[in-house]
Structure formats: C-alpha cells, structure tokens
Amino acid sequence: MRNRWIKVLGTGSSVPDRVLTNGDLERMVDTSDEWITTRTGIKERRIAEPQETTATFALRASQRALQEAGIAPEDLDLIVVATVTPDMLFPATACLVQKELGAKKACGFDLEAGCTGFVYALAVAEKYLLAGGGEKALVVGAETLSKIVDWQDRATCVLFGDGAGAVVLGVADEPGILATYLGCDGNGGSLLELPAGCSRFPASFDTVNNRLHYIKMSGNEVFKFAVRVMEEASLEVARRAGISTQEVDLFIPHQANIRIINSAAKRLEIPEERIFVNVHKYGNTSSASIPLALDEAYREGRIREGDLLLLVGFGAGLTWGSAIIRW
Ligand code: ACO
C-alpha cells in the first residue's frame, strides 16, 4: 500500500478583462454568432492587451493558487509552465514567473504539448515529487493565443482565447492524484501547427508574407481525432486508477468545442450534470483550459472533498493526456 501521494493544495486562475464576443467577430471576418455557437458552443473569449503576455496571467493565476493553498513562494521546489505561447522562446516563462513570485529555491521550465500541456505538466510534476525531487510544485497552464491567431482566418480565429490556470501540488500521506496517462502520435503533427519562427522556417520576410507565424489547423481531422482520443484516454486512466468512468463526480475535459465534450461524455456514460463546461465564456485556451475550468469548478462549489475528478485533454503533436484525482 502506497503511503506517498501528491495532492492538489490550491487552485487559481486569471483571464484578461477584454471580452471579444461572436458579434464582435461578425464585424471582423465572414462569420456569424449562429455558426460559431452551433459548431463550437463558444459565445465569447478573453483577449490580452498588447502589453499583457502569457507570464502576466501565469503569475496572477499562480499567486491565487499559492494563496488558496496557504503556501509561500519560497517553499516551492518546482515550477512548470505549460504553454504554446511563451513570452519568448527563452528564457522560459517559468523563470519569469519564478522571478516575480520570488520562488528562490524552485527550479523551473516550460513544457509544450499543445493543448494537452497542462495534463503533461501535472503528470511530470507528480512524478518529480513522488521520486523525491521536493515537497511542493506549482503547475501552470497559460496562453495568449490571440497573439498567434490569424485574425483573417475565420476557420481558426473564432476558436481561441487567452487566460491561465494554476495548481499547487504537495506531498501527502493520503490519495490525491490516483493515475495519469499520456500519449502522442507525431503522424498527425501537420494537422495543427505553427510553422515558422524556429529552426525549420526562421523568421524572414517570406514567412511573414506567407502568414506562417500563425496557427494552421485542419479542423475536421482534429475533431475526429479528439472525439476518439478523449474516450480512449479517459478509459485508460480510469483503468489505471481502478475505477469506472461512471463513478466520476466531475468530468473536466479540455474546453475546445462543446460537441467534442458532449460526444466524449456520452460515450463514457457521464451524465450532463457531472460535466464542467466553460467553453462558452473563454473559447479554447489550450494549456490554460483545464486548470481554468478546474479553478472555476472549485470556486463555484462543484467540487467537494473526496470527489473523483477526471481531467482529459488533446492537442497539437498530436498529444493526449488524462488524470484521475481524488480531491
Ligand atoms: N464562420 C462561418 N463559416 C465557417 C467558419 C466560420 N468561422 N469557419 C469555417 N466555416 C465554413 C467552412 O469554410 C466550411 O464551408 P464550406 O462547406 O463552404 O467549405 C463550413 O463552414 C464547414 O467547415 P468545417 O471545417 O467542415 O466545419 P466543422 O463542422 O468541422 O467545424 C470546427 C469546424 C469548429 C473547427 C471543428 O472542426 C472543430 O472544432 N475541430 C476541432 C478543433 C480543435 O479542437 N482544435 C483545437 C485542438 S487543441 C490545440 O492543441 C490547439
């Protein structure tokens, strides 16, 4: 019988003040509130101001999570920031957050696994603490996708938004994270990519003129992958935790599209009242989506002590990941 577990000690989140509604988008590209709502469930999303960066929201979410956990920044051993929109390629956004928090003894790094980033970071931090790397970790999912979205491409610009969520993890002698499961398949990499700005296509006049610094996505293919993998990843992590998905008290899926969420929940036989949804308010915030939803669910009183939570995500890579948490 295990006597060392990793528990969530506190959650926090932060989103920009500026709201961009479907009506606003109707004035920017050839789209309609009706199309966006019926195809995605999204009604509005939050957009960062020019001076706000991913670290802005990562820091605020982290401060709230630390406050909720009652943990001082100096007590952190590890900071992982999951993001596809770091402030810069280097230094890591985790180091920017570490500096602002004053988390003097923590090591920190960024992790990129598309929209699955937070679940990957959660699993990595859990294993790090379990292996004896320290006692406390901060895991953040943070994005300013508005800065890499092509605002001329109606097929993608209506989907994404900005924000951050964070959790503080600590070593405990009773169950917390029961199981995690991660996977990837690089064969599907070209379905969702940001082609330029790194070693393959370094920034040049051509890459800018060809709009290669923006998200490119084959929405339909990603949709089919997502529906399949959400079910598979949920079933596998439930198997690892020794539970059935019908026992789950709250299902917190990646908030990309209400149709993907509902079809996964249906296949998993999870009733509507046990699904947490906030995609209508924020759109797809990639790595931020699951921790933002987790924090909102907690603050709305949707999570009680002892509840079983199922987190599941999918994204660029292609990647997928899931976790079962006893709260
Ligand atoms: N407004 C109006 N019409 C539009 C818009 C828009 N914003 N965008 C596309 N259309 C049109 C298309 O041009 C197409 O028209 P056509 O039939 O005349 O060619 C029609 O609507 C249907 O387009 P589809 O792409 O087939 O629409 P679909 O029902 O597949 O919905 C969507 C598109 C919402 C993008 C869906 O495929 C989806 O949600 N895919 C998953 C995306 C996802 O989850 N991505 C995030 C991955 S996570 C990460 O790592 C970032």
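Source: prediction; values computed, not measured. We count ligands from 1, going down the list as the structure has it; atoms in each ligand are counted the same way.
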Does [X] pair with [Y] as a salt bridge, N-O distance under 4.0 Å?
| X | Y | value |
| --- | --- | --- |
| Arg240 | Glu236 | yes |
| Lys224 | Glu221 | yes |
| Asp77 | Lys105 | yes |

How about CD on Glu300, more than 12 heavy atoms from neighbouring residues, nucleotides or ligands closer than 6.0 Å, or not?
yes

Given the protein's heavy atoms, is any one of them under 4.0 Å from [atom]?
| atom | answer |
| --- | --- |
| atom 14 (C) of ligand 1 | no |
| atom 17 (O) of ligand 1 | no |
| atom 50 (O) of ligand 1 | yes |

Would Glu296 and Arg299 satisfy salt bridge (charged side-chain N to carboxylate O under 4.0 Å, His left out), going step by step from the backbone distance to the final call?
CA-CA 5 Å; Glu296 280 207 342; Arg299 282 168 206 270; over 6 Å; no

Which of the atoms of ligand 1 are close to [X], meaning less than 4.0 Å from one of its heavy atoms?
| X | answer |
| --- | --- |
| Ala155 | 8 (N) |
| Arg39 | 22 (C), 27 (O), 28 (P), 29 (O) |
| Ala316 | 49 (C), 50 (O) |
| Gly315 | 48 (S), 49 (C), 50 (O) |
| Phe314 | 44 (O), 47 (C), 48 (S) |
| Val158 | 7 (N) |
| Asn257 | 34 (C), 38 (C), 39 (O) |

Measure from [atom] to every heavy atom in [options] and give the option owning the shortest one.
| atom | options | answer |
| --- | --- | --- |
| atom 47 (C) of ligand 1 | Ile42, Leu191, Leu192, Ile260 | Leu192 |
| atom 34 (C) of ligand 1 | Asn284, Val29, Thr40 | Thr40 |
| atom 25 (O) of ligand 1 | Leu194, Asn220, Leu159 | Asn220 |

Determine whether any heavy atom of Ala226 lies closer than 4.0 Å to an atom of ligand 1.
no

Could you check Leu250, Asp249, Thr11 and say which one makes a side chain to side chain contact (heavy atoms under 4.5 Å, CB included) with Ile303?
Leu250

For ligand 1, find out whether one of its N or O atoms is nearer than 3.5 Å to an N or O atom of Ser32.
no

Any N or O of Gly114 that comes nearer than 3.5 Å to an N or O of ligand 1?
no

To the nearest 0.1 Å, how far is [atom] from its closest protein heavy atom, and which atom is that?
| atom | result |
| --- | --- |
| atom 12 (C) of ligand 1 | Arg154 NH2, 3.9 Å |
| atom 43 (C) of ligand 1 | Val222 CG1, 3.8 Å |
| atom 31 (O) of ligand 1 | Arg259 NH2, 3.6 Å |
| atom 48 (S) of ligand 1 | Cys115 SG, 2.6 Å |
| atom 1 (N) of ligand 1 | Thr31 OG1, 2.7 Å |
| atom 41 (C) of ligand 1 | Gly219 O, 3.5 Å |
| atom 36 (C) of ligand 1 | Phe223 CD1, 3.9 Å |

Check each heavy atom of Trp35 against ligand 1 and say whether those closer than 4.0 Å belong to the side chain, the backbone, both or neither.
side chain

Part of Ala256 within contact of ligand 1 (heavy atoms, under 4.0 Å):
side chain

Residues which pass salt bridge (Lys or Arg N to Asp or Glu O under 4.0 Å) with Arg211, listed by chain and number, not counting sequence neighbours
Asp150

What's the separation between atom CZ in Arg259 and atom CZ in Arg39, rounded to the nearest 0.5 Å?
6.0 Å

For Ser190 and Lys216, which I'm curious about, is there any donor-acceptor pair between the side chains at under 3.5 Å?
no

Test item: side-chain donor near acceptor, Thr207 and His213, under 3.5 Å:
yes

Shortest non-hydrogen separation from Pro73 to Leu66 and the atoms involved
CG-CD1, 4.2 Å

Give me the atom names and distance for the closest heavy-atom approach of Thr93 to Asp110.
N-OD2, 2.8 Å

Can we call the ring centroids of Trp327 and Tyr298 under 6.0 Å apart?
yes

Between Arg45 and Asn22, is a side chain to side chain donor-acceptor pair (under 3.5 Å) present by the stated rule, with each step listed?
CA-CA 9 Å; Arg45 66 290 289 145; Asn22 291 349; 2.9 Å; yes

Return all side-chain donor-acceptor pairs below 3.5 angstrom for residues 136-146, not counting sequence neighbours, or 'none' if the list is empty.
from   : atom 1 : to     : atom 2 : distance (Å)
Glu143 : OE1    : Thr83  : OG1    : 3.1
Glu143 : OE1    : Val84  : N      : 3.0
Glu143 : OE1    : Thr85  : N      : 3.1
Glu143 : OE1    : Thr85  : OG1    : 2.6
Glu143 : OE2    : Val84  : N      : 3.1
Glu143 : OE2    : Ser286 : OG     : 3.3
Glu143 : OE2    : Ser287 : N      : 3.1
Glu143 : OE2    : Ser287 : OG     : 2.9
Thr144 : OG1    : Thr54  : OG1    : 2.8
Ser146 : OG     : Asp162 : OD1    : 3.4
Ser146 : OG     : Asp162 : OD2    : 2.6

